[in-house]
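Quick caveat: nothing in here was measured; it's all calculated off a predicted structure. This chain uses plain numbering: 1 for the first residue, then up along the sequence.
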Amino acid sequence: LAAECASDAFVDGLCEAFRVAEDEGDEGPLTTLWRICKALFSLNDQRLTERLLCREAYRDVLGILEYDEGLPFERRILHRQVHSTQVRFNNVPGLCDTGVIERIHLVYRLQYVKDIVFARLMDDESAAALTHMVHANLSVVLDHMHNSDELMDALLEQMRQQELQSLRLLQEMCRLSQQVALLQRQAMLRKLLDRGLIDALAKLLNAGGVATCGTPSSHLAIEVLVVVSRMRGSPVRSYVTGCAGEGAGPREPEAGRELLSNLIRALATEQDHGVQDQVAELLKRVMDPTGLEGPDREKCLSAFYDEGGLAELVAVFGLPPSMSGSSPSLGFAMQLVCDLLAFAIAMHGFRAKGFIIRGDFAGPLRRLAASEQRFVQMAPVRLLRTILGTRDDVYLRWVIRSGLFGPIFRAFHCNLCPLSLGGGALVSAVLALLEYARSENLRTLIDHLCRRHEDVLLRYARRFPVIRNMFMQHQRNLEEASAQGRTSRAQLSPGPQHDPSQQPQESFLQQVPLDQQPGQQPHQQPQQDHFPQKPQDEDRQPQSQQGHTPQEEQPPPQDQALPQPQPEAEPPPLQQLYMQVRRQQMQHRPQLRRQLQSRCVFQEHFEEAEEEAEEMPRKRLRTLLQEGRAQRQAQRLL
């Protein structure tokens, strides 16, 4: 059926019937012809589709497609008028092959039918078939340009003469090459690079001309450079830095440094955020030393650190603060510079460390954090996240010394005020920064935050568990440092002299025995067993005998034999021991509350400390049981 419909007789008859029906103005036959034409495209046959959109028949076919029965008359699109008045083909000198030009026209018509005519009616299978036809014709066009050396030479020569139509053709070729096979795209771009493509694009960055489409030539050149930079071997990096690479092409001695300066200037002065983002991507690929080793890596890094490339990049921070507040493009440029600095810190090692430490970045970063634009406030936070990710003490000390967290926490507080919308991305980024510092236990930074910025953190501690966890981590760090200090002093002492007055402080449950009342002097516990039991006769003694003072006791005679060791006493039942611990806790509740309150970081979270107190008797019970078992085992061994 598709082969029969693709015949010349059928297509000519279809076009003749449409012309007759349109002249008569009969709506019924025109609607029937629209259905027939829609069914022909639904067959998904490449030969039939190309025959319907060829030069001889496409105007009548587009006329048939104007009579869409699913649209009212006033909403129908006049496709023939669009192609005759609004669509214009710009021919390039040097492109003389009529077959290739017809292929270019066919590609446009296929895309128009897919995206405009049948956008709401076409199913997925038909859309995929039309996309495949577009790619097949594009491959034919690009393959012809790749194999035509004369066309390539003419194209580059016209670009060197700043002929903007040739640049427009090259930009369109690079854009369409993203839809063809990788090997074919790489081969075409490599042939262009061998003829000096990057050198011609570098000269067009300063041309200042405007193409026929109204786009500046610098924008077209940047888009082509981005496509070229994605090739294997990074030819743009090789051109700028002079290191080894594939397909960099011929270059003048200072051409690479000039291209880098032009890119940085475009990043700072462009008003189009999309172009700024493309320049940032291009600079990131140039700064990436992945795949380079030895002298090539040093040569790549020297272009930024020794020759002043990175210093010129961060000079964007030196612009007046008033401009950053009034110009969104300049604020966006500063954000991109922060992202590039973060990339350098992650990829350049000690070179970036020395550059950051010696440079004066604290003031500009604090100014960005205090900006009124939310996306600008995010830039120093992302930079700090990259710095903390290195876990380098030199970087951490620089962050503390520069005071970057002050304006960040002020912006954090302002974004959480009632008049704001809840903070959004900035609050989430700051909380993620604090959580990373806590999870990695960056002791120096945690101590600085908990001491220097305690007020603002305590204000939001109840609302955000991340802040509470950071304070708890800080408390654990202090306890570990105190324990290590006591251990070090004990190791440095001259001998094992026993001094009761120098005993280290113990916890509350260890200081007070289980059977001691508040205000009483502690009893001397026997050292043979941790579970002493009173004799039954002692419990039956009168009150007068139990209350005797130590002065009334008579020392035993010298010749009296030492008492024999008592047999091992059995520990009290588990329930009885637990009740003793519980009773002791209830008796000393005020003192326990004061101790827990001093250990709490927040006054508001005292209820959590009380829940911790409920677990203390059980912990003490497990400790007593473990100590009792260990002592009995030692006695058996003796």
message = Using modelled atom types and a 3.5 Å cut-off, is there a donor and acceptor pairing between side-chain atoms of Ser148 and backbone atoms of Met145?
response = no
| query | Going by atom types only, do Glu307 and Ser302 share a side-chain donor-acceptor pair under 3.5 Å? | reply | no
*asked:* With a 4.0 Å cut-off on N to O distance, would you call Arg19 and Glu16 a salt bridge?
replied: yes
Closest heavy-atom pair, Ile264 versus Gly309, reported as atoms and distance to 0.1 Å, is CD1-O, 3.7 Å
Step-by-step salt bridge (charged side-chain N to carboxylate O under 4.0 Å, His left out) determination, Arg59 to Glu22 | CA-CA 13 Å; Arg59 291 189 60 84; Glu22 190 177 30; over 6 Å; no
Glu223 meets the side chain to side chain contact (heavy atoms under 4.5 Å, CB included) criterion, sequence neighbours left out, with Gln171, Arg175, Gln278
For residues 149-174, the ring-ring contact (aromatic ring centres under 6.0 Å, His included) pairs (sequence neighbours left out) are none
Does Leu368 offer a backbone N or O that forms a donor-acceptor pair with the side chain of Ser371 under 3.5 Å? no
| task | Say whether, by atom type as modelled, one donor and one acceptor occur between the side chain of Ser126 and the main chain of Met122 under 3.5 angstrom. | result | no
Only one of Leu197, Leu193, Val240 passes side chain to side chain contact (heavy atoms under 4.5 Å, CB included) with Pro235, and that residue is Leu193
Exercise. Within a strict 4.5 Å, meaning less than it, do heavy atoms of the Phe317 and Leu341 side chains meet?
Worked result: yes
For Asp8, the side-chain hydrogen bond (donor to acceptor under 3.5 Å, both in side chains) test, sequence neighbours excluded, returns Arg51
Q: May I ask you to decide whether Glu281 forms a salt bridge with Arg230, counting only side-chain N to carboxylate O separations under 4.0 Å?
A: yes
| Main-chain N/O of Lys284 paired to Asp288 side chain as donor or acceptor, under 3.5 Å | no
**Prompt:** Does a side-chain heavy-atom distance below 4.5 Å link Lys299 with Thr241?
**Reply:** no
**OP:** Could you walk me through whether Arg257 and Glu312 pass salt bridge (charged side-chain N to carboxylate O under 4.0 Å, His left out), step by step?
**Re:** CA-CA 11 Å; Arg257 187 68 180 84; Glu312 186 178 355; 2.9 Å; yes
Please determine whether a side-chain nitrogen of the Lys or Arg among Asp199 and Lys203 lies less than 4.0 Å from a carboxylate oxygen of the Asp or Glu. yes
**Report entry** salt_bridge(Asp143, Arg103) N-O dist < 4.0 Å
**Finding:** no
Of all heavy-atom pairs linking Met152 and Met188, the shortest is CE-CG, 4.0 Å
- Query: Would you call Asp306 and Arg351 a salt bridge, taking side-chain N to carboxylate O under 4.0 Å as the test?
  - Reply: yes
Strictly under 6.0 Å, is that where the ring centroids of His348 and Phe355 end up?
no
- Message: Contact between Glu102 and Arg55 at the side-chain level, heavy atoms closer than 4.5 Å - yes or no?
- Response: yes
Between the CG atom in Leu130 and the CG atom in Asp115, the distance rounded to the nearest 0.5 Å is 9.5 Å
Taken to the nearest 0.5 Å, the spacing of Ile77 CD1 from Leu65 CG works out to 11.0 Å
Whether the Glu50 and Gln46 side chains hold a donor-acceptor pair (N or O, under 3.5 Å, no angle test) is what I'd like checked. yes
**Asked** Between Lys191 and Asp149, is there a salt bridge with N-O shorter than 4.0 Å?
**Response** yes
pair Val100-Val140: side-chain heavy atoms closer than 4.5 Å
no
_Do the side chains of Asp68 and Arg35 get close enough for a salt bridge, i.e. N-O under 4.0 angstrom?_
no
Could you pull out every donor-acceptor pair under 3.5 Å between side chains of residues 331-339 and any protein atom, sequence neighbours left out?
residue	atom	partner	partner atom	Å
Asp339	OD1	Arg382	NE	3.2
Asp339	OD1	Arg382	NH2	3.4

Gln377 side-chain N/O to Ile408 backbone N/O, donor-acceptor pair under 3.5 Å: no
- Item | Salt bridge Arg47-Glu4, side-chain N to carboxylate O under 4.0 Å | no
By side chain to side chain contact (heavy atoms under 4.5 Å, CB included), Thr386 pairs with (sequence neighbours left out) Ala342, Ile345, Ala346
Q. Is there side-chain contact between Thr390 and Lys353, with at least one heavy-atom pair below 4.5 Å?
A. no
Report, as yes or no, whether the 6.0 Å neighbourhood of atom CD on Gln111 holds more than 12 heavy atoms from other residues, nucleotides or ligands. yes
request  = Inspect the contact between Glu270 and Arg265 and indicate whether a charged nitrogen and a carboxylate oxygen are less than 4.0 angstrom apart.
outcome  = no
In short, ring-ring contact (aromatic ring centres under 6.0 Å, His included) pairs touching residues 95-132 with sequence neighbours left out are Phe41-Phe118, His79-Tyr112, His83-Tyr108, His83-Tyr112, Phe89-His105
Counting heavy atoms not belonging to Arg75, are there more than 12 under 6.0 Å from its CZ?
no
Let's go through Asp153 and Arg195 carefully: what are the C-alpha distance in whole Å and the side-chain angles of both, what is the deciding distance for salt bridge (charged side-chain N to carboxylate O under 4.0 Å, His left out) to 0.1 Å, and is it a yes or a no? CA-CA 7 Å; Asp153 295 337; Arg195 287 168 168 78; 2.6 Å; yes
- prompt: Would a distance-only check, ignoring hydrogens and angles, find a side-chain to backbone donor-acceptor pair under 3.5 Å from Ser139 to His135?
  reply: no
dist Leu225:CG -> Ser218:OG (nearest 0.5 Å) comes out at 11.0 Å
- prompt: Less than 4.5 Å apart, any side-chain heavy atom of Pro380 and any of Leu404?
  reply: no
Residues Gly63 and Phe18: closest non-hydrogen pair is C-CZ, 3.5 Å
Do you see a donor-acceptor pair shorter than 3.5 Å between the side chains of Gln271 and Ser329? yes
